[in-house]
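Right, one structure below, let's go through it.
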Amino acid sequence: MNKIYVIGIGPGSYEQMTIKAAEALKKCDVIVGYTVYVDLLREYFGEKEFLTTPMRQEVRRCEMAFEEAAKGRTTAMVCSGDAGIYGMAGLMYEIGEKYPDIELEIIPGVTAAIGGAAVLGAPMSHDCCLISLSDLLTPWEKIEKRLLAAAQADFVICLYNPSSKKRADYLDKACDLMFRYKSEDTICGVVKNIAREGEAMQILSLKELQKTAVDMFSTVFIGNCDTKVIDGKMVTPRGYRYERD
């Protein structure tokens with residue numbers, strides 16, 4: 001049976017790619033992906049054939065992968081972070097219904113929430129959730145409900161896609177919603193360019209976060225009521241001090 005590996009390549013650097021992902025890429029004849037992500041791999045897999053599409057051509061990108069696999073070529077569909085978290089795994093299964101003779105294997109990767117958390121310290125040690133602020137595929141009204149519910153439940157919240165040129169005020173709006181249930185002093189963090197050139201992080205309050213400039217290469221972390229700063233790192237206690245005999 002012909003095969004496609006759907007691979008999460010991690011946040012950016014080769015060192016944060018799993019061994020399984022790297023080994024799968026070595027087996028492949030062709031690597032398909034979004035241009036920015038494929039460019040991260042060329043240095044390490046230069047002998048492979050690369051096929052790319054820009055943003056908003058995700059369906060075509062998946063079709064390209066299946067077309068290559070149908071020719072008998074071992075193919076990789078690569079995604080930044082993890083293929084199943086805001087990645088292409090789900091869409092590949094949907095489109096794969098038209099290609100019953102092609103097997104899919106999903107290979108996980110380090111998603112931005114995990115990679116960014118390691119840079120900040122330990123912000124997600126307790127219950128947490130991931131929410132994307134992009135309304136390209138999800139109506140803002142639904143995103144707003146999710147933000148409010150997560151804030152009311154006092155989750156640590158990791159925000160993906162916090163801002164873009166067309167959504168410059170979305171983080172500002174999200175913080176306004178947070179204020180209904182979270183203190184302005186809630187500890188927050190921002191990591192830019194995780195595991196890539198120019199990686200930077202900052203720890204700040206929710207009030208300060210509201211007016212902080214972020215972009216699509218930023219991942220935002222909003223703590224819970226127990227999150228604190230220890231030695232310059234953002235830390236959410238797991239609660240072991242409450243452990244009973």
Side-chain angles (χ1 to χ4, degrees), residues 11 80-87 89-90 108 110-192 194 201-244:
S80 177
D82 177 76
I85 299 177
Y86 303 121
V110 177
T111 188
I114 297 172
V119 175
L120 286 168
M124 301 178 72
S125 295
H126 212 301
D127 294 339
C128 53
C129 68
L130 315 179
I131 300 175
S132 172
L133 293 191
S134 173
D135 59 357
L136 182 62
L137 301 175
T138 305
W140 174 255
E141 292 75 17
K142 183 173 287 188
I143 295 171
E144 184 176 281
K145 290 178 181 178
R146 291 171 177 173
L147 289 167
L148 287 170
Q152 185 176 21
D154 198 30
F155 280 105
V156 175
I157 302 168
C158 180
L159 299 179
Y160 281 58
N161 307 312
S163 183
S164 67
K165 290 181 179 178
K166 293 183 178 179
R167 299 182 292 103
D169 64 339
Y170 276 34
L171 180 58
D172 188 334
K173 291 162 62 176
C175 288
D176 259 340
L177 294 169
M178 298 290 109
F179 290 143
R180 298 189 193 180
Y181 300 106
K182 289 182 177 285
S183 165
E184 291 184 349
D185 296 326
T186 299
I187 301 299
C188 300
V190 178
V191 186
K192 295 186 177 183
I194 301 167
M201 71 90 156
Q202 63 183 130
I203 296 174
L204 63 175
S205 69
L206 181 58
K207 183 177 181 179
E208 292 169 329
L209 176 66
Q210 186 174 26
K211 302 304 178 184
T212 297
V214 296
D215 56 25
M216 290 290 284
F217 297 103
S218 303
T219 306
V220 173
F221 297 78
I222 299 171
N224 68 16
C225 66
D226 292 320
T227 303
K228 56 188 174 180
V229 178
I230 301 177
D231 293 332
K233 295 294 186 176
M234 181 179 177
V235 178
T236 300
R238 179 67 180 90
Y240 293 109
R241 64 187 183 277
Y242 303 127
E243 187 174 5
R244 296 177 180 177

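Quick caveat: nothing in here was measured; it's all calculated off a predicted structure.
- Nearest heavy atom pair, residue Pro123 against residue Ala117, reads CD-O, 3.4 Å.
- Heavy atoms only, all atoms of each residue included: Leu204 and Gln202 are closest at CD2-O, 3.9 Å.
- The list of salt bridge (charged side-chain N to carboxylate O under 4.0 Å, His left out) pairs with a residue in residues 124-141, not counting sequence neighbours, is empty.
- Side-chain contact check for Leu206 versus Ser183: every heavy-atom pair is 4.5 Å or farther apart.
- At least one side-chain heavy atom of Ile222 sits under 4.5 Å from a side-chain heavy atom of Lys182.
- Two residues are said to be in side-chain contact when any heavy atoms from C-beta on lie closer than 4.5 Å; Phe221 and Val191 meet this criterion.
- Residues Asp154 and Asp226 have side chains not in contact (no heavy-atom distance under 4.5 Å, counting atoms from C-beta outward).
- Pairing each heavy atom of Ile187 with each of Met234, the nearest pair is O-CE, 3.4 Å.
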Counting only pairs under 3.5 Å, give me each side-chain donor-acceptor contact of residues 172-179, with atom names and distances, residues two or more places apart or in other chains.
{"unit_1": "Asp172", "atom_1": "OD1", "unit_2": "Gln210", "atom_2": "NE2", "d": "2.8"}
{"unit_1": "Asp172", "atom_1": "OD2", "unit_2": "Lys211", "atom_2": "NZ", "d": "2.8"}
{"unit_1": "Asp176", "atom_1": "OD1", "unit_2": "Gln210", "atom_2": "NE2", "d": "3.2"}

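- In terms of heavy atoms, Ile85 sits closest to Tyr160 at CG2-OH, 4.3 Å.
- With sequence neighbours excluded, no residue forms a side chain to side chain donor-acceptor pair (under 3.5 Å) with Thr186.
- Taking CZ from Arg238 and OG from Ser125, the interatomic distance works out to 8.5 Å, rounded to the nearest 0.5 Å.
- Between Lys165 and Asp215 there is no salt bridge, since no side-chain N of the basic residue sits under 4.0 Å from a carboxylate O of the acidic one.
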Begin with the C-alpha distance, continue with both residues' side-chain angles, and end with the deciding distance and a verdict on side-chain contact (heavy atoms from CB on, under 4.5 Å) for Val190 and Glu208. CA-CA 11 Å; Val190 178; Glu208 292 169 329; over 6 Å; no
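- Taking CG from Asn161 and OG from Ser132, the interatomic distance works out to 4.0 Å, rounded to the nearest 0.5 Å.
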Would you sort out whether Thr219 and Cys158 count as a side-chain contact (heavy atoms from CB on, under 4.5 Å), showing the intermediate values? CA-CA 7 Å; Thr219 306; Cys158 180; 3.4 Å; yes
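- In this structure, the separation between OG1 on Thr227 and CE on Met124 is 10.5 Å, given to the nearest 0.5 Å.
- Rounded to the nearest 0.5 Å, atoms CG (Leu133) and CG (Leu159) are 4.5 Å apart.
- The minimum heavy-atom distance linking Lys233 with Leu120 is given by the pair CD-O, 3.2 Å.
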What's the verdict on side-chain contact (heavy atoms from CB on, under 4.5 Å) for Leu148 and Tyr181, showing C-alpha distance, side-chain angles and the deciding distance? CA-CA 8 Å; Leu148 287 170; Tyr181 300 106; 4.0 Å; yes
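- There is no side-chain donor-acceptor pair under 3.5 Å between Ser134 and Tyr86.
- Here the straight-line distance linking atom CD1 of Ile131 with atom CG of Leu147 works out to 4.5 Å at 0.5 Å rounding.
- Contact between Cys129 and Ala150 at its shortest, heavy atoms only, is SG-CB, 3.6 Å.
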